[in-house]
Amino acid sequence: MSVFEELQEVIPGGVNSPFRSFGQVGGTPPVLARGLGSRVWDVEGREYLDLLCAWGPLVLGHSHPLITRAVREALEDGTIFGAPTTWELELARLVRRCYPSMEKVRFVNSGAEAVASALRVARAATGRSRILKFEGNYHGHVECLDAAGEEADEIGGALALGASPALTAETLVARYNSLDSVREHELDRVAAVILEPVTGSMGVIAPDPGFLEGLRTLCLRHGCLLIFDEVLCGFRVALGGAQERYRVTPDLTCLGKALAGGLAVGAFGGRRELMDLLAPVGTVYQAGTFCGNPLTVRAALAALKAYSQPGFYARLESLTERLAGLRELGITYQAVGSLFSLGFGPPRLRDERDTAQLDRDRYARFFHGMLARGVYLPPSTGDAACVSAAHTLEEMDRVLEAASEVLAGKDSRT
Ligand SMILES: *Cc1c(COP(=O)(O)O)cnc(C)c1O
């Protein structure tokens, strides 16, 4: 029995998160043993250039010395206290410097938790219960679950199966990049409009000019809150995320993935008066044993200091710009900052309906061709791939070369 078969005996599908199972591309995922910089190695010792970057967190690559040092120091000083620390003070200030709209912030353990907590604040602040989201936008497995979208047919069912029907009944769905589809809803009864200001799981799609501004205006007019779910695009499309890049200020922001440079984390924050609705100042309950633990917080401090170096994001963007050469090979290549997506289909993606047209079989063949050449891409078409500061332009050229070989039908062993 292979290691992956053994895993399947004791863990559903052999994975602790469904997309890791290669469900869309077929085949067996390599079982990984080690990562360093831009590379990972599987249990059989095969090396891959890692363009998954753990689905977002690894902006510095694997085992970056600054993160390793911060974690080692935290291990020696105690990893968790369940009491306030100065590290949290420093991190909250640093997050606010990067995201000035987050006047106050709470640290949690995952993006899903950040989203669930932000929505609870929004519902309490407005006294309304409905949430408006966008087709194909992903907000974690807890809230904002719509039956439509790529993930739904990916897993052969609705994302919301097993969730309370009350929850899904209160989730309205609009079309990304379409203000008209937002206006079709009764916004006066909506607590919050939540979106990925740059999307990840339906392809890396940037907001059309005016889209975020239009949402900002509509939310103000109808008294609903605007929530940017920057769990993926935060610290990826700019140090200050999409709100910095597109200069639109949300009421609440969710962060996660890259915030702690590879440790489990989430955060949500916004205007003081909204965040002060939370207990113990207000009466909205949100809590967690591991929230703000020093291991994670000290790693996040190290990560944010590294991300803040001058030229850090320009360099990341030069890597994805180099990969734009993939378009000449007929690939639907979309990139913002250090995020990019690949597919075969419409030349440009603007919303989930375009993404749905991507050719999955063709991507599956391409994916396995690349994997055989030692390039690890996301195992589903359109899903966000990432570069890190550990990647180089030479490695990007290697990706271009591998892609042109795969598309020319060359055998990987030659
Ligand atoms: C990954 C992701 C989440 C969920 O974060 P987890 O840490 O996996 O719970 C939420 N929103 C967006 C935009 C994401 O990309």
Side-chain angles (χ1 to χ4, degrees), residues 88-134 137 139-140 142-144 187 190-198 207 212-213 215-235 237-260 265-288 291-292 297 300 304:
E88 294 160 280
L89 171 64
E90 203 185 332
L91 184 62
R93 284 181 173 158
L94 203 47
V95 167
R96 189 173 61 178
R97 199 176 313 147
C98 302
Y99 295 75
S101 72
M102 298 173 81
E103 291 175 354
K104 285 195 173 183
V105 61
R106 273 256 167 103
F107 297 111
V108 293
N109 305 296
S110 70
E113 207 181 323
V115 169
S117 307
L119 292 180
R120 192 176 279 194
V121 169
R123 286 177 167 131
T126 58
R128 305 171 183 176
S129 57
R130 293 181 186 173
I131 304 296
L132 181 80
K133 74 169 298 258
F134 292 87
N137 278 211
H139 301 291
V142 176
E143 281 267 6
C144 299
L187 291 176
V190 164
V193 173
I194 185 168
L195 81 160
E196 291 184 77
V198 173
L212 298 178
E213 293 84 346
L215 290 178
R216 180 65 283 180
T217 307
L218 282 172
C219 285
L220 283 171
R221 186 177 304 153
H222 294 280
C224 33
L225 300 186
L226 180 61
I227 305 178
F228 278 6
D229 179 352
E230 301 220 37
V231 170
L232 178 64
C233 65
F235 307 107
V237 302
L239 178 62
Q243 50 199 279
E244 174 190 317
R245 194 168 177 122
Y246 302 104
R247 297 202 187 87
V248 174
T249 305
D251 298 296
L252 292 168
T253 299
C254 301
L255 297 173
K257 295 197 168 92
L259 170 58
V265 75
F268 68 102
R271 283 201 316 279
R272 192 180 312 271
E273 73 271 20
L274 291 173
M275 292 302 286
D276 279 344
L277 292 172
L278 290 165
V281 190
T283 50
V284 178
Y285 190 63
Q286 177 273 324
C291 292
V297 168
L304 265 53

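Because the structure is a prediction, the values reported are computed rather than measured. Sequence positions, counted from 1, serve as the residue numbers for this chain.
For the pair V248/Q243, no side-chain contact is recorded, criterion being any heavy-atom separation below 4.5 Å from C-beta on. Residues L212 and L195 are in side-chain contact: their nearest non-hydrogen atoms beyond the backbone lie under 4.5 Å apart. You'll find the side chain of L119 reaches within 4.5 Å of the side chain of I227, heavy atoms only. You'll find the side chain of R123 stays beyond 4.5 Å of the side chain of R130, heavy atoms only. A 4.5 Å side-chain heavy-atom check between C219 and L225 finds every atom pair outside the cut-off. Inter-residue side-chain proximity for C254 and V115 is flagged as met; some heavy-atom pair is nearer than 4.5 Å. R106 has its side chain within reach of Q286: a pair of non-hydrogen atoms, C-beta onward, lies under 4.5 Å apart. Looking at L252 and S101, their side chains never come closer than 4.5 Å, going by heavy atoms from C-beta outward.
For T249 against R216, the heavy-atom pair with the smallest separation is O-NH1, 2.8 Å. When all heavy atoms of T126 and A122 are compared, the closest pair comes out as OG1-O, 2.8 Å.
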* Which is it for L132 and L187 under the side-chain contact (heavy atoms from CB on, under 4.5 Å) test, yes or no, and what are the steps along the way? -> CA-CA 8 Å; L132 181 80; L187 291 176; 4.1 Å; yes

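Checking side-chain atoms of N109 against main-chain N and O of V265 turns up no donor-acceptor pair under 3.5 Å. Side chain of R245 to backbone of A238: no donor-acceptor contact under 3.5 angstrom is found. Looking only at distances, no side-chain donor or acceptor of E103 sits under 3.5 Å from a matching main-chain atom of R96. Using a distance-only test at 3.5 Å, with no hydrogens or angles considered, no donor-acceptor pair links the side chain of R120 to the main chain of V284.
F235 and Y99 have their aromatic ring centers within a separation under 6.0 angstrom.
Note that OH of Y246 is 8.5 Å distant from SG of C233, once rounded to the nearest 0.5 Å. Between atom CG of residue L259 and atom CG of residue L304 there is a gap of 6.0 Å, rounded to the nearest 0.5 Å.
The pair E90-R97 does not count as a salt bridge, with every side-chain nitrogen at least 4.0 angstrom from each carboxylate oxygen. For R271 and D276, the salt-bridge test fails: no basic side-chain N is under 4.0 Å from an acidic carboxylate O.
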